[in-house]
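Order of appearance sets the numbers: ligands from 1, and atoms from 1 within every ligand. Residue numbers count from 1 along this sequence.
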Amino acid sequence: MIIDSAPEVKLYTKESVELPRIIKDRFPRIQSVYQPESTNEIQQIFSLSRKNKLSIIPRGAATSGMGGIAPLRRSIMADLTFLNRILDFNKKKKTINFEAGLRWWELKQFLKEHSLDVYTCPTSLFSTVGGWLATGGYGINSFGFGHISNLVDSIETVTPDKKKQLDRKNPEFKYFMGTEGQMGIISKVTLKVRESKPSRHYLVLFKNTSETAGFISELLRSHKIHPVHIVYYDRNRLEHKNLLLNGKVFFPQMEGVLITLEDFSAEEDLLSLIERKKGILAENYLSAFLWNERYFPFSIKHFYPSILGCEATLPIKNLVPYMRRTKKFGEDYGIPLSTEATLINKNEVVVITIFPSDPKKLTHFLHLFLTYSLTHIAIKCGGKPYGIGIWNLPLLKKIFSAKDIQEFLFFKKETDPFNLINPAKSFSQDFKITSLLKLGYFLSSLFSNGYPLLKPIFRTKNHDSKKPNNHTSESEACANCGACTVVCPAYLKTRTEIVTAKGKLFILKQLLRGSHVPAPVAEKIFLCLHCHLCEHVCQSKLVLTPIWEKLESIVEKKYGRPKEKIENFVKQVESDPAYTQLFDTFGISSNNNHQETRNV
Ligand SMILES: Cc1cc2nc3c(=O)[nH]c(=O)nc-3n(C[C@H](O)[C@H](O)[C@@H](O)COP(=O)(O)OP(=O)(O)OC[C@H]3O[C@@H](n4cnc5c(N)ncnc54)[C@H](O)[C@@H]3O)c2cc1C
Ligand code: SF4
Ligand code: SF4
């Protein structure tokens with residue numbers, strides 16, 4: 001299918017964390033979105049792009065953010081999420097071969113039926129496997145099982161001229177890991193999987209970061225305790241969880257470490273270590289809550305118009321200085337920073353430090369650059385940015401060694417001589433954009449020491465304890481995480497994201513702003529079953545169905561209500577077995593007949 005209406009194409013370029021408009025507005029428009037379903041179709045898209053002198057932007061679920069899928073040249077987009085078939089499954093060998101647009105959620109659902117599971121996955125469960133291989137690769141259980149690339153047996157890649165099968169030992173394999181789709185498209189993956197295992201979670205609370213770090217370092221020295229997942233939360237991050245629990249204090253004003261064990265034989269050792277280090281073991285329901293929240297890292301978006309932040313890999317030994325410096329930075333500028341750090345091995349953590357900001361205020365622009373100041377602090381603490389996108393282009397040399405960059409450039413020239421795939425990004429930079437960003441980074445780094453005199457300019461409110469209570473704030477509270485896409489029966493039928501919750505909130509925002517949305521596009525918002533499935537997975541925990549009613553009445557006033565079309569659509573979707581299956585996945589009955597309950 002090809003999507004080419006302007007608002008729909010614009011929706012496909014929306015990311016979970018958007019670039020500043022001053023940069024985004026300079027980008028050319030993506031012409032259309034293609035949805036290849038096979039390697040051959042990818043190759044056809046390459047021929048088309050070469051013929052029409054257009055670049056190609058590979059897109060998974062668009063969760064990577066900060067310009068990961070932004071076009072720097074006239075481009076077409078390849079939405080890879082329909083390249084998602086499971087091709088071969090060897091239960092005995094515990095390997096599975098599938099197309100790379102498969103989402104982690106879909107893969108886990110399939111494996112669950114065979115009592116199997118993945119070793120690791122990102123907290124963005126609805127992102128694609130190919131997208132994660134092309135970006136970060138560290139997430140849940142990385143402490144226990146390492147980077148995702150170590151768990152891949154082989155990949156199939158498609159470049160403008162060739163299709164190649166690369167096993168992990170092939171020297172070319174590394175060119176496709178973490179290089180954000182610039183070398184070619186990962187079309188198939190063979191992944192090692194494992195038996196599903198029960199796990200237990202322990203939240204240990206401490207008064208300050210030094211005590212927490214002391215506990216973590218002893219935990220890491222233990223030869224008996226083998227956690228699979230360890231996450232550190234600072235005070236403010238735990239306070240966010242209290243907000244989600246309706247503002248009632250459940251998590252005390254302390255810092256915490258969540259430890260996940262699958263090997264329970266060392267439970268006693270862990271408990272005695274906690275006692276020795278004077279940690280407080282939190283009630284089970286608090287650790288269970290945090291574990292269940294792992295797939296909703298941005299749920300705090302519910303309370304803020306926008307969340308900004310920086311993500312970096314740090315040596316564990318520098319977590320304490322990093323926390324000390326960021327705390328001072330936050331205090332100096334009046335910004336409530338909160339930090340979560342996931343251990344990825346015995347030496348390193350991935351830290352994510354976030355703060356609220358309001359895009360409607362002028363300070364938002366300044367806040368965007370403070371994220372660079374935070375990255376600068378991480379670099380000063382021996383860290384490096386996690387992910388490139390376009391935002392981190394000025395920091396490329398901090399992410400890759402000069403030798404790696406040379407090698408990547410050479411490979412890119414060889415495999416993509418016309419610079420068709422994700423052009424002008426890290427290995428073939430756009431001079432103007434990079435210079436602008438370099439200047440931004442340089443100036444922002446000057447602010448990383450913190451200047452309390454500037455507090456009145458930068459200050460931001462900690463939280464608005466009111467939940468979004470009108471439709472403007474609901475449309476802004478969407479984190480654009482795309483989790484609602486694959487669970488939406490209307491999307492599975494129409495294959496355009498405009499009908500999903502993310503798409504409809506986008507349309508609502510456009511209409512509330514007074515932007516023109518053409519009738520054929522606006523009408524698509526009626527293709528909805530009011531089935532609530534989007535609410536079950538919503539990152540921002542939005543109550544969506546009342547918004548659909550409001551949106552429908554706005555569009556009805558403008559363009560009328562296509563009653564017959566709605567009735568036929570609902571009938572068609574409900575008669576599809578895939579529809580009932582979706583409900584089964586969530587353990588909910590699909591008995592409520594939406595044909596009747598839907599207000600046509
Ligand atoms: C709620 C949330 C939680 C997150 N948690 C984590 C986490 O735990 N760990 C982590 O590392 N990241 C995390 N991220 C970031 C993001 O999810 C990851 O970078 C990754 O999973 C992106 O996958 P995607 O399918 O969304 O790819 P996209 O964002 O669509 O694309 C990312 C980049 O890869 C390229 N690309 C996409 N698919 C392919 C392909 N098949 N072949 C070649 N190139 C391709 C694109 O051109 C783009 O440059 C999170 C994001 C959100 C919103
Ligand atoms: S209510 Fe159902 S059909 Fe409508 S957007 Fe949500 S998931 Fe899709
Ligand atoms: S509606 Fe909710 S699930 Fe969908 S993109 Fe927005 S925040 Fe994510």
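- No hydrogens or angles considered: nothing links the side chains of D584 and Q581 as a donor-acceptor pair under 3.5 Å.
- Protein heavy atom at the shortest distance from atom 21 (O) of ligand 1 is S127 OG, 2.9 Å.
- Ligand 2 does not have Y491 within reach: every non-hydrogen atom of the residue lies 4.0 Å or more from it.
- Shown are H530, K550, E535; of these, the side chain to side chain donor-acceptor pair (under 3.5 Å) with T545 is made only by E535.
- Contact analysis puts Y386 in contact with ligand 1, with a non-hydrogen atom separation below 4.0 angstrom.
- The contact set between ligand 2 and V499, taken as ligand atoms under 4.0 Å from a residue heavy atom, comprises 5 (S).
- Residue L80 touches ligand 1 through its side chain alone, judged by heavy-atom distances below 4.0 Å.
- Residue contacts with ligand 1 for S64 involve both N, CA, C or O and side-chain atoms from C-beta outward (heavy atoms, distance under 4.0 Å).
- F82 has its ring centre less than 6.0 Å from the ring centre of Y491.
- Contacts between V350 and ligand 1, counted as non-hydrogen atom pairs separated by less than 4.0 Å, are absent for every part of the residue.
- Ranking protein heavy atoms by distance to atom 9 (N) of ligand 1, first place goes to Y138 O, 2.7 Å.
- If you run side-chain contact (heavy atoms from CB on, under 4.5 Å) between L505 and each of T500, L542, L551, N480, only L542 comes through.
- Scanning both residues, P297 and Q539, for their nearest heavy atoms gives N-OE1, 3.0 Å.
- Atom 5 (S) of ligand 2 has as its closest protein heavy atom K504 NZ, 3.2 Å.
- Distances shorter than 4.0 angstrom do not occur between any heavy atom of E535 and any atom of ligand 2.
- Summarising the geometry of S127 relative to S124, their closest heavy-atom pair is OG-O, 2.7 Å, with the distance given to 0.1 Å.
- In this structure, atom 3 (C) of ligand 1 lies nearest to the protein heavy atom T123 OG1, 3.2 Å.
- Looking at atom 4 (Fe) of ligand 2, its nearest protein heavy atom turns out to be C528 SG, 2.3 Å.
- Considering backbone and side-chain N/O of I186, one or more are found under 3.5 Å from N/O of ligand 1.
- Closest non-hydrogen pair, T81 versus D79, comes out as OG1-OD1, 2.6 Å.
- Atom CD1 in I405 sits 4.0 Å away from atom CG in L396 (nearest 0.5 Å).
- Protein heavy atom nearest atom 3 (S) of ligand 2, with residue, atom name and distance: L529 N, 3.3 Å.
- Rounded to the nearest 0.5 angstrom, K412 NZ and N419 CG are separated by 4.5 Å.
- Of all heavy-atom pairs between R73 and S55, the closest is CB-OG, 3.4 Å.
- The protein atom (non-hydrogen) at minimum distance from atom 24 (P) of ligand 1 is A61 N, 3.4 Å.
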Verdict with supporting geometry, F289 and F296, ring-ring contact (aromatic ring centres under 6.0 Å, His included): CA-CA 11 Å; F289 176 81; F296 300 95; 9.9 Å; no
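- Using a 4.5 Å cut-off on side-chain heavy atoms (C-beta onward), I352 and F298 make contact.
- Using a 4.0 Å cut-off between heavy atoms, Q539 contacts ligand 1 through its side chain alone, with no backbone atom that close.
- Protein atoms of type N/O/S that fall under 2.8 Å from atom 2 (Fe) of ligand 3 number 1 in this view.
- Looking at E8 and K524, a side-chain N of the basic residue comes within less than 4.0 Å of a carboxylate O on the acidic one, giving a salt bridge.
- In this structure, the side chains of I354 and H240 come closer than 4.5 Å at one or more pairs of heavy atoms.
- Contacts between F176 and ligand 1 below 4.0 angstrom, taking non-hydrogen atoms only, are absent altogether.
- Near I185, with a cut-off below 4.0 Å to any heavy atom, the atoms of ligand 1 are 42 (N), 43 (C).
- Interatomic distance, CG of L582 versus CG of L492, reported as 5.5 Å (0.5 Å rounding).
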Residue pair R59, E497: steps toward the salt bridge (Lys or Arg N to Asp or Glu O under 4.0 Å) verdict: CA-CA 13 Å; R59 180 207 193 253; E497 289 189 3; 3.1 Å; yes
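- In terms of polar-atom proximity, R59 is not counted as a contact of ligand 1, lacking any N or O under 3.5 Å from an N or O of the ligand.
- Residue-level proximity to ligand 1 for S16 is carried by the side chain, the only part with a heavy atom below 4.0 angstrom.
- For the residue pair E180 and T135, no side-chain donor N or O sits within less than 3.5 Å of a side-chain acceptor on the partner.
- Checked by distance only, ligand 1 and F298 stay at 3.5 Å or farther apart across all their nitrogen or oxygen atoms.
- Of all atoms in ligand 1, listed by their number and element, those nearer than 4.0 Å to a heavy atom of G184 are 43 (C).
- Taking every heavy atom of H532 and a limit of under 4.0 angstrom, the matching atoms of ligand 2 come to 1 (S).
- For atom 2 (Fe) of ligand 2, the closest heavy atom belonging to the protein is C531 SG, 2.3 Å.
- Counting heavy atoms closer than 4.0 Å to ligand 1, residue T135 contributes side-chain atoms (C-beta onward) but none from N, CA, C or O.
- Residue contacts with ligand 1: I57 is excluded, as none of its non-hydrogen atoms falls under 4.0 Å.
- Neither the backbone nor the side chain of F296 has a heavy atom within less than 4.0 Å of ligand 1.
- Every atom of ligand 3 is numbered from 1 in the order shown, and the set under 4.0 Å from a heavy atom of N480 is 5 (S), 6 (Fe).
- Counting heavy atoms closer than 4.0 Å to ligand 1, residue A134 contributes side-chain atoms (C-beta onward) but none from N, CA, C or O.
- A heavy-atom separation below 4.0 Å is not found between A479 and ligand 1.
- Relative to atom 28 (P) of ligand 1, the option among G131, P58, A62 with the closest non-hydrogen atom is A62.
- Of all heavy-atom pairs between E552 and R561, the closest is OE1-NH1, 3.3 Å.
- Ring geometry for F411 against Y175 counts as parallel: the plane angle stays under 30°, on a 0 to 90° scale with 60° as the upper cut.
- T120 and S142 are not linked by any side-chain donor-acceptor pair at a separation below 3.5 angstrom, with hydrogens and angles left out of the test.
- Listed by number with element, the atoms of ligand 1 under 4.0 Å from a non-hydrogen atom of G137 are 11 (O).
- A salt bridge is defined here as a Lys NZ or Arg NE, NH1 or NH2 lying under 4.0 Å from an Asp or Glu carboxylate O, and E37 with R495 meets this definition.
- Residues T63 and S16 share a closest heavy-atom pair of O-OG, 2.9 Å.
- Atom 30 (O) of ligand 1 has G60 N, 2.7 Å as its closest protein atom, hydrogens excluded (heavy atom only).
- Nearest non-hydrogen protein atom to atom 26 (O) of ligand 1 is T63 OG1, 2.6 Å.
- Considering G181, G139, G68, P297 only, the shortest heavy-atom separation from atom 1 (C) of ligand 1 involves P297.
- For R103 and W105, the positive end is not near the middle of the six-membered ring at less than 6.0 Å and at most 45° from its axis.
- Protein heavy atom nearest atom 8 (Fe) of ligand 2, with residue, atom name and distance: C488 SG, 2.4 Å.
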